[in-house]
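Positions are given from 1, in the same order as the sequence printed here. Both counts, for ligands and for their atoms, begin at 1 and track the order of listing.
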Amino acid sequence: MSDGPSHSVSPPPSSRTSGAAAPIRDDGAERDKAEKKATTATGSLTIVGLGPGTPEWITPAAQAALDAASDLIGYGPYLDRVPERSGRTKHASDNRVEVERAAHALKLAAEGRKVVVVSGGDPGVFAMAAAVFEALEAGPAEWLVIPITVEPGITAMLAAAARAGAPLGGDFCALSLSDNLKPWEVVTARLTAALAADFVICLYNPISKAGPWQLGAALDLAAEHRAAETPVLFARAVGRPDEILRVLTLAEAIAAAGTADMATLVMIGASSTRLIAREGAAPYVYTPRSVTKSPCATSQGRT
Ligand code: SAH
């Protein structure tokens, strides 16, 4: 019904004057309700994407939201990327408590604070924005009046693609290899379907502390559908001082799976993804925009 952006779940925080609409009757309960509403109307929650690392990759809109925040909430290392400022409180938390962190953010916003939840990359990609909406869905009805805004950021796969050339020039998809929130059989079923469809496949969370074997298993599966010389990108800490970009073949990637870590984005090429060699630097990786063969015809697997 609303003409507003689809992520806006309530009217913008325009009605600072809503206190003027105070109850006429001197009814305690009514007044309490109105006061609560007025307070809530001045609070807000913005979920901000900090990009992959370098401040140049933070959008001006995300920066403006950070500058306006009274409270910053997020995983410690992400919060460390936002400079300290007087009058702004940082609430650091562990990486594993996303929904509790989101509920805390909503509670503070309901109390009238200008809360910003920070995420690395884009907040909507395997990150905090979904946790906020999960907490909102499960939380009290009063939270529905909190203006919630999602400020996008550059997600890891786009940063990695930009460094490599244009590997996402054709159809592609993204999967998280983490089996914290979904069974591993779901991961393999989706991966198999994506391989059969000949997408370029971006793998987030290739390795986790709980399970270091996922990437090896995923690449073994890829080798059943793609040629051994298919380009595979290991893009580590893109946009940070310790960035490393490695262009490998699928066979080399299988051998190197143990070298990927939690800061690595892995990209498996489609059958048409190719390299342009150059002197003294890694080759460019690109996927042509046009496709002439059906996925079945291009499948070059071993089985
Ligand atoms: N919201 C983030 C993704 C969170 S999932 C985003 O949009 O980028 C965490 C995974 O993202 C990591 O395991 C890694 O696969 C990837 N990632 C995040 N930052 C990265 C970076 N700077 N370089 C490479 N991969 C990164």
Taking atom NZ as the centre, does K90 end up with more than 12 heavy-atom neighbours from other residues, nucleotides or ligands that are less than 6.0 angstrom away?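 Yes, NZ of K90 has more than 12 neighbouring heavy atoms, counting only those of other groups under 6.0 Å.
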Crowded around R81 CZ? As in, over 12 foreign heavy atoms under 6.0 Å?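 Count over threshold, so yes.
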Is it true that A235 lies under 4.0 Å from ligand 1, counting heavy atoms only?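 The answer is yes, since A235 has a heavy atom less than 4.0 Å from ligand 1.
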Less than 4.0 Å is my threshold; does some heavy atom of G53 fall inside it relative to ligand 1?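 False for this residue.
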So is [X] polar-close to ligand 1, meaning N/O to N/O under 3.5 Å?
X	answer
Y204	no
I154	no
V125	yes
P206	no
G120	yes

Counting heavy atoms only, which part of [X] comes closer than 4.0 Å to ligand 1: side chain, backbone, both or neither?
X	answer
A237	backbone
M157	neither
T264	backbone
S119	neither
A156	both

Mind checking whether [X] and [Y] have side chains closer than 4.5 Å, heavy atoms only?
X	Y	answer
I73	L108	yes
L136	L144	yes
T46	V116	yes

Taking only Lys NZ, Arg NE, NH1 and NH2, and the carboxylate oxygens of Asp or Glu, determine whether E243 and R163 approach each other closer than 4.0 Å.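 Yes.
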Taking only Lys NZ, Arg NE, NH1 and NH2, and the carboxylate oxygens of Asp or Glu, determine whether D242 and R236 approach each other closer than 4.0 Å.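 Between R236 and D242 there is a salt bridge, with a charged N closer than 4.0 Å to a carboxylate O.
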Which atoms from ligand 1 have a heavy atom of [X] less than 4.0 Å away?
X	answer
R240	19 (N), 20 (C), 21 (C), 22 (N)
A127	1 (N)
P52	22 (N)
M262	12 (C), 13 (O), 14 (C)

Okay, side chain of [X], backbone of [Y]: is any donor-acceptor separation there less than 3.5 Å?
X	Y	result
T287	T273	no
R226	L195	yes
S176	S178	yes
T54	W57	no

Return the residue, atom name and 0.1 Å-rounded distance of the protein heavy atom closest to [atom].
atom	result
atom 4 (C) of ligand 1	F126 O, 3.6 Å
atom 6 (C) of ligand 1	T155 OG1, 3.3 Å
atom 24 (C) of ligand 1	A263 O, 3.1 Å

Which option, D261, V238, N205, owns the non-hydrogen atom nearest atom 22 (N) of ligand 1?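 It is V238 that holds the nearest heavy atom.
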ILVMFWY network linking Y286 to M157, side-chain heavy atoms under 4.5 angstrom: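 In one cluster with Y286: M157, no.
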